[in-house]
2 protein chains.
Amino acid sequence: MAQDRPYSALIDRLKTAGLRPTRQRLALAKVLFCQGNRHLTAEQLHAEAAMERVPVSLATVYNALHRFTGAGLLREVVVEPGRSYFDTNVDDHHHFFHEASGRLEDIPGDRLGLKGVPDAPPGTRVARVDVIIRLSQDEN
Amino acid sequence: MAQDRPYSALIDRLKTAGLRPTRQRLALAKVLFCQGNRHLTAEQLHAEAAMERVPVSLATVYNALHRFTGAGLLREVVVEPGRSYFDTNVDDHHHFFHEASGRLEDIPGDRLGLKGVPDAPPGTRVARVDVIIRLSQDEN
DNA sequence: CAATATATTAGAATGATTCTAATGTATTGT
DNA sequence: ACAATACATTAGAATCATTCTAATATATTG
Ligand SMILES: [Mn+2]
Ligand SMILES: [Mn+2]
Ligand SMILES: [Zn+2]
Ligand SMILES: [Zn+2]
């Protein structure tokens, strides 16, 4: 998976999405897309980019996350008030939310089925269906 | 449903929940529980209480909402970053979220079935399952 | 290499929520 | 009814995630 010129694939990915491949976006894309599926907050991504020795401003992190999301490279997941996760898995899937740790865990889309989803009310269409299974510590 | 001494039922409800029936809590409970099922933000509840001519501080609104939630009289629903709804329907049910208006609409729990819900990972238990069907404007 | 469009940034601003610590009120026991 | 006590309310400050502003820098195009 890791290549000799590890950036050329990422550059293409950004270009294809209509995004200029800037130094900052490449560093963020590397953190996001080269370590398997991840669920990250803006702050976490900002911290990881800093550790990669590419200091990116927090404003740029937010800009990039929103542009990546608009381009379909990411998906935003809201599970707690005042905190957004960005999900590198854009396939149809659902989530466990570990309340104790604040961690999200994927549930593949085909493992969980919905029966009897009502029709969208007139004038609307279903943009997305989110299923969140909230887990708390088992006190036994 | 509306009684001559409309507060006595609410007072009992608060007492049973282990909450002191103060003037402020009664006013908030009246707005919350005497108009059918509702999905309200703290700000909305604050505004409605003010219109009922019971000026309640915003801090008290938050305190009350959290205590009511802890007592099982309310349920908190998170659909958008930076905004919490409090739901007076504490039965098992799910939601349409109208992205255009920010409105939540109930889906009765028995109308929508989940198939193949995975077991909770070891050491955890399912605290709740939230299904949110996000609706956007149908552009036709 | 210029001209242009787009991106980055520091820092201020915003908006929801929480905190602090002073004051007020409900409850309990007598 | 009356203290004594526990708990609730409040204004205002503080916090935290996020967004905005407007100046500067960089990528793209011709
Ligand atoms: Mn965070
Ligand atoms: Mn609001
Ligand atoms: Zn995911
Ligand atoms: Zn509801």
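Protein chains get the first letters and strands the later ones, always in sequence-line order, with residue 1 at the start of each.
- Atom-to-atom, CD1 of B:Ile11 to C1' of C:dA26 comes out at 12 Å; the value is rounded to the nearest Å.
- When the C1' atom of C:dT8 is taken as reference, atom CG of A:Leu45 falls 15 Å away, rounded to whole Å.
- One can place OH of A:Tyr85 at 11 Å from P of D:dA17, the figure rounded to the nearest angstrom.
- When distances run from any side-chain atom of B:Asn63 to the nucleotides C:dT27, D:dT10, D:dA8, the shortest one goes to D:dT10.
- Between the side chains of A:Asn89 and A:His39, no donor-acceptor pair is found at a separation under 3.5 Å.
- Without hydrogens or angle criteria, B:Arg111 side chain to B:His94 main chain gives no donor-acceptor distance under 3.5 Å.
- Residue A:His66 has a polar side-chain atom (N or O) positioned under 4.0 Å from OP1 or OP2 of D:dT19.
- For the pair A:Gln44 CD and D:dT18 C1', the computed distance is 15 Å after rounding to whole Å.
- Of the candidates C:dT8, C:dT27, D:dT10, the closest approach to any side-chain atom of B:Gln24 belongs to D:dT10.
- For the pair A:Arg67 CZ and D:dT18 C1', the computed distance is 16 Å after rounding to whole Å.
- Side-chain N or O atoms of A:Arg125 include none that pairs as donor or acceptor with a backbone N or O of B:Glu139 at under 3.5 Å.
- Residue B:Thr22 is in sugar-phosphate contact alone, with no base atom involved, counting any heavy-atom pair closer than 4.0 Å across all strands shown.
- Nucleic acid contact for A:Pro21: sugar-phosphate only, since backbone atoms but no base atoms lie under 4.0 Å from a heavy atom of the residue.
- Within a 6.0 Å sphere centred on CD of B:Gln137, heavy atoms belonging to other residues, nucleotides or ligands number 12 at most.
- Contact check for B:Arg25 versus B:Arg67: side-chain heavy atoms found under the 4.5 Å cut-off.
- Of the candidate nucleotides C:dT17, D:dA27, C:dT8, C:dT17 has the atom nearest to the side chain of B:Glu43.
- One finds a side-chain N or O of A:Arg25 lying less than 4.0 angstrom from the OP1 or OP2 phosphate oxygen of C:dT8.
- Between B:Phe86 and B:Lys15, the one whose closest nucleotide on DNA chain C sits nearer the 5' end is B:Phe86.
- Which of C:dT27, D:dA11, D:dT18 sits closest to the side chain of B:Arg20 comes down to C:dT27.
- Between A:Tyr62 and D:dT18 there is a side-chain N or O to OP1 or OP2 distance below 4.0 Å.
- One atom, CG of B:Leu65, and another, P of C:dT18, lie 10 Å apart when rounded to the nearest Å.
- A residue-by-residue look at B:Leu58 and A:Arg23 shows that A:Arg23 has its nearest nucleotide of DNA chain C further toward the 5' end.
- The side chain of B:Ala59 lies closest to D:dA11 when the candidates are D:dA11, C:dT9, D:dT28.
- Mapped onto DNA chain D by nearest heavy atom, B:Pro81 and B:Gly18 fall at different nucleotides, with B:Gly18 at the one closer to the 5' end.
- A side-chain donor-acceptor contact under 3.5 Å links B:His46 to the backbone of B:Val56.
- Note: CG (B:Leu26) to P (C:dT25) measures 15 Å, nearest angstrom.
- As a whole-Å value, the separation of A:Leu19 CG from C:dT6 P is 12 Å.
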